Asks: 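Quick one: this structure, given as structure tokens, is what I'll be asking you about.
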Amino acid sequence: MSELLLECQNLSFSYHTPEGEIPVIRNMNFKIYKGEFVSIVGPSGCGKSTLLNLLTGMLSPEEGFVKMSVSGEEKPRFGYMLQQDHLFEWYDIWKNICIGPKINHCLDAECEQYLKELLKRYGLSAFIHKKPSELSGGMRQRAAIIRTLAMKPELLFLDEPFSSLDYQNRLNAANDIGQIIRKENKTAVLVTHDIGEAISLSSRVLVLSKRPTAVKKEFLLPYRDMNLTPLEIRNTKDFGTHFNAIWKELNNS
Ligand code: ADP
Ligand code: MG
């Protein structure tokens, strides 16, 4: 088994509001290993974004714990990509993707070279001095993932990153970003409510129950080693079988 990067044990969390307590996560357990692409699907409002905020340390658990890189001495660096791309409209694409390294004082010649290579590899070189508003939705998502990769994270957290795009662009953006993550050898945790997206991108899918949520079932998928693109995976003959199995589980939650 490959290296354990993230472990979440007996995790519980509630929001405390003036109207009372909202229990969101109850006794959640799972592990993420290096090289995996794990999608987390669950009903709307069940606590998926809350879970990512707990995994990334933006929120603290009420009970249980989240542990990153239990075997390594150093914490794996992580990147967090949200539903909106949060590109700064007043900066051009180059300045946008340099923000992380600049803030962390590591924007040296090597880093610039790496970022320029990513822009070239993923078809954005000609747009380096354009403002985000001059790019299509799919191109903005590619710029956003390059910005997320700028700090060379080992582990990526993606919270419904394609849901602001229309269907056609969503398929293309998921296809591009799935391939970028695979080529750059990253481990990824994707939150989505789209079963097709989860199957076409992942090596494993975790299905969450309704709030207060926990992992209800996990599905192992065979595609990641087959060297198929996410779009090609959608056309395989057993895609529908996996889709129905996950759909059934999700609807029984
Ligand atoms: P999901 O991402 O699965 O749609 P969220 O994690 O955003 O779900 O929210 C889970 C539940 O917690 C929802 O019922 C939501 O209304 C509630 N919630 C989310 N954020 C807060 C907050 N800051 N304060 C109180 N309740 C919240
Ligand atoms: Mg959410």
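Given the structure is predicted, the values throughout are model-derived calculations rather than measurements. Note that ligands are numbered from 1 as they come in the structure, with each ligand's atoms numbered from 1 the same way.
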Asks: Considering only non-hydrogen protein atoms, determine which one is nearest to atom 7 (O) of ligand 1 and report residue, atom name and distance to 0.1 Å.
Replies: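 Result for atom 7 (O) of ligand 1: S49 CB, 3.8 Å.
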Asks: Between E134 and H129, is any side-chain donor less than 3.5 angstrom from a side-chain acceptor?
Replies: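 Looking only at side-chain atoms, H129 and E134 do not form any donor-acceptor pair under 3.5 Å.
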Asks: Specify whether an N/O/S atom of S49 falls short of 2.8 Å from the Mg ion (ligand 2).
Replies: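 Yes, since at least one N, O or S atom of S49 sits under 2.8 Å from the Mg ion (ligand 2).
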Asks: Is any side-chain N of the basic residue among R147 and D85 closer than 4.0 Å to the acidic one's carboxylate O?
Replies: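 No salt bridge links R147 with D85.
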Asks: Give the residue and atom name of whichever protein heavy atom lies nearest to atom 14 (O) of ligand 1, and the separation in Å to one decimal.
Replies: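 Checked against all protein heavy atoms, atom 14 (O) of ligand 1 sits closest to R211 NE, 3.3 Å.
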Asks: With a 6.0 Å cut-off (strictly less than), is the heavy-atom count around CZ of R26, excluding the residue itself, greater than 12?
Replies: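 Not buried by this count: 12 neighbours or fewer within 6.0 Å.
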Asks: Would you check if the distance from the ring center of Y223 to the ring center of H242 is below 6.0 Å?
Replies: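 When the ring centroids of Y223 and H242 are compared, they turn out to be within the sub-6.0 Å range.
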Asks: State the atoms of ligand 1, each with its element, that fall below the 4.0 Å cut-off from a heavy-atom position in V24.
Replies: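 Matching atoms, with element in brackets: 10 (C), 12 (O).
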Asks: Regarding K152 and the six-membered ring of Y114, is the cationic atom NZ or CZ under 6.0 Å from the ring centre and inside 45° of its axis?
Replies: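 K152 over Y114 ring: yes.
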Asks: Which is closest to atom 5 (P) of ligand 1 by heavy-atom distance: T50, I25, V41, N53?
Replies: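 Heavy atom nearest to atom 5 (P) of ligand 1 belongs to T50.
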Asks: Applying a 4.0 Å heavy-atom criterion (strictly less than), which segment of D159 is in contact with ligand 1: side chain, backbone, both, or neither?
Replies: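 Contact part for D159 vs ligand 1: neither.
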Asks: Can a cation-pi geometry be assigned to K130 and W94, taking NZ or CZ under 6.0 Å from the six-membered ring centre and within 45° of the ring axis?
Replies: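 Here K130 fails the 6.0 Å and 45° test against W94.
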Asks: Surrounding CD of E21 (heavy atoms of other residues, nucleotides or ligands, distance under 6.0 Å), is the total greater than 12?
Replies: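 Correct, the count exceeds 12.
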Asks: Name the closest protein heavy atom to atom 12 (O) of ligand 1, giving the residue it belongs to and the distance to 0.1 Å.
Replies: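 Sorting protein heavy atoms by distance from atom 12 (O) of ligand 1 puts Y15 CE1, 3.5 Å first.
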Asks: Would you say G45 and ligand 1 have an N/O pair spaced under 3.5 Å apart?
Replies: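 G45 vs ligand 1: N/O contact under 3.5 Å present.
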Asks: Is the shortest side-chain N to carboxylate O distance from R140 to E89 below 4.0 Å?
Replies: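 Result for this pair is yes, salt bridge flagged.
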Asks: For ligand 1, is there an N or O atom under 3.5 Å from any N or O atom of S44?
Replies: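 No, S44 has no N/O under 3.5 Å of an N/O on ligand 1.
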Asks: Mind checking whether I22 has an N or O less than 3.5 Å away from an N or O of ligand 1?
Replies: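 Checking ligand 1 against I22, no N or O pair falls under 3.5 Å apart.
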Asks: Please list, in number order, the atoms of ligand 1 under 4.0 Å from a heavy atom of T17.
Replies: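 Within the 4.0 Å cut-off of T17, ligand 1 contributes 25 (C).
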Asks: Among all protein non-hydrogen atoms, which one is nearest to atom 8 (O) of ligand 1, and what is the separation to 0.1 Å?
Replies: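 Result for atom 8 (O) of ligand 1: G47 N, 3.2 Å.
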